[in-house]
Amino acid sequence: VPLRLDLVFPSTSAASRLIVGRGALAGIGRATARACAGAARALVVTDHHVAPLYADRVLRSLRRAGIAAGVHVVPAGERSKSAARLVALWDMCGRAGIGRGDAIVALGGGVVGDLAGFGAATWLRGVAWVGVPTSLLAQVDSGVGGKTAIDLPGGKNLAGAFHQPRLVIADPDVLETLPARHRRAGLAEVVKMGFACDAPLFAWCERNADALAAGMPEALEEAVVRAVRVKARVVRRDQREREGGTRTALNFGHTLGHAYEAARGYRGVLHGEAVAVGMRLAARLSVREAGLADAARARLERVLDRLGLRRRLTRVSVHDLVSAMRVDKKRDARTTRWVLTPQIGRASVPRPLDSRRIARALIEFGAQT
Ligand SMILES: NC(=O)c1ccc[n+]([C@@H]2O[C@H](COP(=O)([O-])OP(=O)(O)OC[C@H]3O[C@@H](n4cnc5c(N)ncnc54)[C@H](O)[C@@H]3O)[C@@H](O)[C@H]2O)c1
Ligand SMILES: [Zn+2]
């Protein structure tokens, strides 16, 4: 296995074992038995795309390791990150007899991870959980770091908890069945981690953009290993995303990204696609406000182009975008907050910028007046 890493948070004594590599999924039963010692039962939460592909393998491996495993399938898509689905999950935990010593296994993309992780954080005031991220986005980003949440009508990720998984198994072989569009969206987060946190990772993305865009298995595996290393380093120093902590760098591109998703009603635009446009805008602002070299901005745009991540904001108005950005953080109404990058691999703490100056850039990117 190319990467085995123990992510330990000294301040809370929480720890996650991260296992990344092709074929790693086969070892889930034994790894779970070790990481969640004493677990007699597990509830595997997954979605209806992933269940027919991988649930049986996971259930069999768990059972072979002596863990009585059941499965709970939710519809695929962001709308499953809802309060109603959380209540249904609690209900299922009750019926499956999940006790304090047992575990929840999240088998799926970021949606399943966020929902099942929050279920684990809250069921019986917290039970162990194991993440098996199956989308590229979840393997490189959401699967590591212990953020869990559901969406509310008022906004994305509004109710949630920090709850570290005991074990994360990221097996890039499962990416073979991931639709290309979702692969591209996940690559946006890899580029983000490079551009905002780790210059060598960004340069690696540039060198391998064609192989990544084509979904070459070796390239994807290396992307996941590299991104997980960077993510682990960033979150280790800042488990709960303190104000101005290192972890806020991971929000590069997300001020506009989240607003774009929200303004489109979470339909038609994938998270990674929205973040890609958000990074292009944030890089332009970084040139203007933080001294980023224009050549560095051009390199970012070029790599996003090669990965097939487009620049246009479609079917959205400046007004809706700006109001969604304000809702994101309830602050001064005339400003929105931005993570800027003074150079490749380095991010500033979020900074307030005047909304009027951003509106002009939004129009250039295709937003309607
Ligand atoms: N907790 C965090 O730190 C964090 C960070 C970033 C994003 N997120 C959240 O993650 C979510 C987005 O995650 P996502 O992009 O993985 O979305 P997702 O979970 O909806 O997965 C994308 C699609 O791919 C399918 N899929 C997943 N794995 C597959 C596989 N191996 N083969 C075939 N199909 C597969 C899913 O069924 C779904 O249709 C958002 O809700 C976002 O808020 C959380
Ligand atoms: Zn993101």
Side-chain angles (χ1 to χ4, degrees), residues 25 45-55 57-58 73-82 85 106-118 121 129 131-151 155-165 168 170-193 196 215 220 224 227-228 231-232 234-235 239-241 247-258 260-262 266-267 269-279 282 339:
L25 191 59
V45 181
T46 186
D47 74 26
H48 79 269
H49 291 156
V50 177
L53 295 168
Y54 304 108
R57 249 194 262 177
V58 169
V73 182
V74 302
E78 182 73 23
R79 289 154 78 80
S80 279
K81 273 176 57 174
S82 68
R85 291 283 164 207
L107 172 68
V111 165
V112 163
D114 279 9
L115 172 71
F118 193 34
W129 74 289
V132 186
T134 61
S135 69
L136 182 59
L137 183 137
Q139 293 194 349
V140 299
D141 194 352
S142 70
V144 176
K147 270 199 200 177
T148 73
I150 57 168
D151 303 331
K156 200 171 150 81
N157 297 334
L158 281 182
F162 285 95
H163 186 45
Q164 296 298 332
V168 177
D171 183 343
D173 274 346
V174 305
L175 302 176
E176 202 185 312
T177 53
L178 186 73
R181 187 175 171 197
H182 285 284
R183 180 173 73 237
R184 286 194 293 273
L187 289 171
E189 299 279 20
V190 181
V191 169
K192 170 201 77 179
M193 252 179 266
L220 290 178
V224 176
V228 164
K231 174 108 193 220
V234 170
V235 303
Q239 188 184 351
R240 302 178 70 98
E241 196 170 316
R247 199 166 175 161
T248 57
L250 297 168
N251 292 329
F252 178 64
H254 282 61
T255 305
L256 174 57
H258 279 157
Y260 186 24
E261 284 182 273
Y266 303 101
R267 270 176 225 147
V269 187
L270 300 181
H271 176 71
E273 293 170 340
V275 168
V277 193
M279 287 193 286
V339 174

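Start at 1 with the first residue, then count along the sequence. Atoms within each ligand, like the ligands themselves, are counted from 1 in listed order.
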Undergrad: For F252, give me all partners under ring pair (Phe, Tyr, Trp, His ring centres under 6.0 Å), at least two apart in sequence or on another chain.
TA: F195
Undergrad: Hey, does R184 have a side-chain heavy atom less than 4.5 Å from the side chain of L270?
TA: no
Undergrad: Side-chain contact test, heavy atoms from C-beta onward, threshold under 4.5 Å: evaluate it for D173 versus L25 and give yes or no.
TA: no
Undergrad: Please report the shortest heavy-atom distance between V50 and T134, naming the atom on each side.
TA: CG2-OG1, 3.8 Å
Undergrad: Using the six-membered ring wherever Trp is involved, compare the ring planes of H258 and H271 and label them parallel, tilted or perpendicular (cut-offs 30° and 60°).
TA: tilted
Undergrad: Search all heavy atoms of A138 against all heavy atoms of G110 and return the closest pair with its distance.
TA: CB-N, 3.7 Å
Undergrad: In order of chain and number, which residues sit within 4.0 Å of ligand 1 by heavy atom?
TA: D47, H49, V50, L53, Y54, A76, E78, K81, G109, G110, V111, D114, T134, S135, L137, S142, K147, K156, N157, V174, T177, L178, P179, H182
Undergrad: Going by the rule salt bridge (Lys or Arg N to Asp or Glu O under 4.0 Å), which residues pair with D171 if we only count those two or more places apart in sequence or in a different chain?
TA: none
Undergrad: Excluding waters, which protein N, O or S atoms are within less than 2.8 Å of the Zn ion (ligand 2)?
TA: E189 OE2, H254 NE2, H271 NE2
Undergrad: Taking C-beta and beyond as the side chain, do K147 and S142 meet within less than 4.5 Å on heavy atoms?
TA: no
Undergrad: Decide if atom CZ of R79 counts as having more than 12 heavy atoms of other residues, nucleotides or ligands within a radius under 6.0 Å.
TA: no
